[in-house]
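Written out below as structure tokens is the structure these notes cover.
Numbers here are sequence positions counted from 1. Every value quoted in this text rests on a predicted model; they were computed, and no experiment measured them.
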Amino acid sequence: MLSRNYPNPALPTLGIWVERLVRAAAAVAEPHVVAPVPAVPPGLSGFGRTRYRDVPRTRVADGVTIEHPRVPAGPGYLLHRWEARMMYPFIRRVADRLHRARPFDLIHAHFIYPDGVIAAGLGRRYGVPVVSTEHAPWMPWLADYPSVRRQVVRALPAIDAITVASEPLRRSIVDAVGPDVRIENLSLMVDDQVFRAPAPGERWEPDRLLFVGVVRRVKGLDVLVRALPALLAWRPGLTLTVVGEPYHAAYRRDELEVRKLVGSLGLDERVRFVGQRTPAEVAAEMRRSAVLVVPSRRESFSSVTIEALSSGTPVVATRCGGPEAIVTPANGRLVPVDDPAALAAAIHDVLGARERFDRAALHRAAIDRFGPTVVASRLNAIYHAVLERAAERPRSAA
């Protein structure tokens, strides 16, 4: 498993959805994770890099060994077009050592660039198949970075399958590189041990709204804040809890803008920013809340939606990509993007009907679609299909 987006001691919630897929894979395979982190040259204090100094080179979590090789990386997108080339030698050194000790059957990367491009090179090097799971749209990103697009196109013949969790992601790949790519559906996983059904007698607060996510413009928290005055006219006791940490400088600017908006609308007593929380704490927040609101302008999937449903909490979300395949009238409401009035009306509707949402039924339905057993079975099918196709290829093609 190769992924830059993977939890580590410096950023414990980074790419937590990848970690969950690794745990699902552990039910059908023996994953070994390579999760590179930025190198921190001596004396460097900028770009927030110093937090990576204490990340161990190798650690074990839940029985899975995780390697954290140091790789060169620039701030933001400054060196974006060179990332795969810069990182490859450092990741190859670790992969060579692991492959010598116990040869890989398959390499599974997350995000096509730089991870998928690097995995394609490693797959050619070792003669093993490659799977790449995509978590973000390819357009307009690849159009904006033609050099990256060329690297992706060159890597695709060495990638046996790309998995996606939503139809918008599939369309974005086809729009970027055409239809001749093998794409497989693979939902993200909800941890049913953490995001459990509410215990008997565990109550929710009828006027408590919840937002969970990094506070950045694409997540649409500003839209939800603009919806609050109308909601407060209907329900004067309403409050909003915001869970999430802006761990990049650009995100911190976005959060500051939302905080200014909260102040300008006189909502300081109604909106509470609580920062980062552990998954268990997020699950507890979800079980306490009447509704989770996902006001995003774009979502590839929306892990927080399935987490809330697994916690027995209905969801009001925008039609921004991923939620359309998850949210139904039985578990919440969908509204247009960037429409505070529609968002307020849908939240009011769900709050008024909140007693009719069966919390245990919401949990069961989420686990039946996104639980560990279902995702592990799907991963097993994808891995075996990829390995069988690889075995049928002429040896020279490897």
Side-chain angles (χ1 to χ4, degrees), residues 17 134-144 164-176 187-188 209-234 238 240-244 246 248 250-251 253-262 264-265 267 271 273 286 289-309 313-351 353:
W17 62 90
E134 191 49 73
H135 302 275
W138 288 18
M139 295 295 284
W141 162 57
L142 288 185
D144 294 338
V164 297
S166 67
E167 182 58 27
L169 272 182
R170 177 190 293 271
R171 290 198 300 268
S172 78
I173 293 172
V174 173
D175 289 346
S187 293
L188 299 187
L209 304 181
L210 179 66
F211 170 95
V212 178
V214 178
V215 182
R216 46 187 298 215
R217 188 177 185 280
V218 73
K219 295 296 183 180
L221 179 58
D222 60 302
V223 183
L224 175 54
V225 170
R226 293 181 191 281
L228 288 180
L231 281 164
L232 286 165
W234 297 324
L238 205 69
L240 169 63
T241 299
V242 177
V243 176
H248 290 311
Y251 302 169
R253 290 192 292 271
D254 288 349
E255 185 187 72
L256 180 60
E257 289 301 314
V258 174
R259 287 178 179 269
K260 289 179 179 177
L261 177 63
V262 168
S264 70
L265 295 175
L267 298 172
V271 181
F273 292 83
M286 287 176 169
S289 299
V291 182
L292 175 82
V293 185
V294 182
S296 301
R297 294 178 168 92
R298 185 179 68 251
E299 289 285 350
S300 301
F301 179 70
S302 186
S303 291
V304 296
T305 294
I306 62 174
E307 291 169 353
L309 296 176
T313 302
V315 177
V316 173
T318 53
R319 295 185 182 90
C320 60
E324 290 96 310
I326 306 170
V327 179
T328 70
N331 60 27
R333 300 290 185 272
L334 288 168
V335 300
V337 172
D338 261 324
D339 191 333
L343 188 65
I347 294 170
H348 182 56
D349 181 30
V350 170
L351 290 174

**Asked** Nearest heavy-atom pair of Thr318 and Leu334: which atoms, and what distance?
**Response** O-CD2, 4.0 Å
**Item:** For Pro137, all residues meeting side-chain contact (heavy atoms from CB on, under 4.5 Å), sequence neighbours excluded
**Value:** Leu169, Ser172, Arg298, Ser300
**Message:** Applying ring pair (Phe, Tyr, Trp, His ring centres under 6.0 Å), can you list everything that pairs with His135, at least two apart in sequence or on another chain?
**Reply:** Trp17, His110, Phe111
**Message:** With a 4.5 Å cut-off on side-chain heavy atoms, are Val304 and Glu307 touching?
**Reply:** yes
**Prompt:** Less than 4.5 Å apart, any side-chain heavy atom of Leu265 and any of Leu228?
**Reply:** no
**Asked** So, Arg333 and Asp349, do they make that salt bridge, N to O below 4.0 Å?
**Response** yes
**Request:** State the OG-CG distance between Ser296 and Asp338, to the nearest 0.5 angstrom.
**Result:** 11.0 Å
**Request:** Go through Leu210 and Val243 one step at a time and tell me if the side-chain contact (heavy atoms from CB on, under 4.5 Å) criterion holds.
**Result:** CA-CA 8 Å; Leu210 179 66; Val243 176; 3.9 Å; yes
**Message:** Applying side-chain contact (heavy atoms from CB on, under 4.5 Å) to Leu292 and Val212, what does each step give before you reach the verdict?
**Reply:** CA-CA 8 Å; Leu292 175 82; Val212 178; 3.9 Å; yes
**Request:** Would you sort out whether Thr241 and Phe211 count as a side-chain contact (heavy atoms from CB on, under 4.5 Å), showing the intermediate values?
**Result:** CA-CA 6 Å; Thr241 299; Phe211 170 95; over 6 Å; no
**Prompt:** So, for Ser302 and Val294, which heavy atoms are closest and what is the spacing to 0.1 Å?
**Reply:** OG-CG1, 4.0 Å
**Request:** Could you tell me which non-hydrogen atom of Ala346 sits nearest to which non-hydrogen atom of Val316, and how far apart they are?
**Result:** CB-CG1, 3.8 Å
**Message:** Show, in sequence, the C-alpha distance, side-chain angles and deciding distance for Arg259 and Glu255, and conclude whether the salt bridge (charged side-chain N to carboxylate O under 4.0 Å, His left out) test is met.
**Reply:** CA-CA 6 Å; Arg259 287 178 179 269; Glu255 185 187 72; 3.4 Å; yes
**Complete:** The reported gap from CG in Leu261 to CG in Leu256 (rounded to nearest 0.5 angstrom) is 11.5 Å
**Message:** Just verifying a value: how many Å separate Asn331 CG and Thr313 OG1, rounded to the nearest 0.5 Å?
**Reply:** 11.5 Å
**Request:** Check Ser187 against Ala165 and note the closest heavy-atom contact, atom names and distance.
**Result:** CA-CB, 4.2 Å
**Fill in**
Here the gap from Leu232 atom CG to Leu267 atom CG, rounded to the nearest 0.5 Å, amounts to 6.5 Å
**Asked** Just by modelled atom types, is the Phe301 backbone N or O under 3.5 Å from a matching donor or acceptor in the Glu299 side chain?
**Response** no
**Complete:** CG (Leu231) and CG (Leu351) are apart, to the nearest 0.5 Å, by 7.0 Å
**Request:** Might you work through the side-chain contact (heavy atoms from CB on, under 4.5 Å) test for Leu240 and Val262, ending with a clear yes or no?
**Result:** CA-CA 11 Å; Leu240 169 63; Val262 168; over 6 Å; no
**Minimum side-chain heavy-atom gap Val258-Val225 below 4.5 Å** = yes
**Request:** Return the minimal non-hydrogen interatomic distance between Gly322 and Ser166, and the atom names on each side.
**Result:** CA-CB, 4.4 Å
**Prompt:** What are the two closest heavy atoms between Ala342 and Pro336, and how far apart are they?
**Reply:** CB-CD, 3.9 Å
**Item:** Partner set under salt bridge (charged side-chain N to carboxylate O under 4.0 Å, His left out) for Arg170, not counting sequence neighbours
**Value:** Glu167
**Message:** Nearest 0.5 angstrom please: Leu224 CG to Lys219 NZ, how far?
**Reply:** 14.0 Å
**Asked** Is there a donor-acceptor pair under 3.5 Å between the side chain of Thr328 and the backbone N or O of Ala330?
**Response** yes
**Item:** Asp222/Arg297 salt bridge by N-O under 4.0 Å criterion
**Value:** yes
**Item:** Asp254 backbone acceptor or donor facing Glu257 side chain under 3.5 Å
**Value:** no
**N/O donor-acceptor pair under 3.5 Å between Thr305 side chain and Pro323 backbone** = no
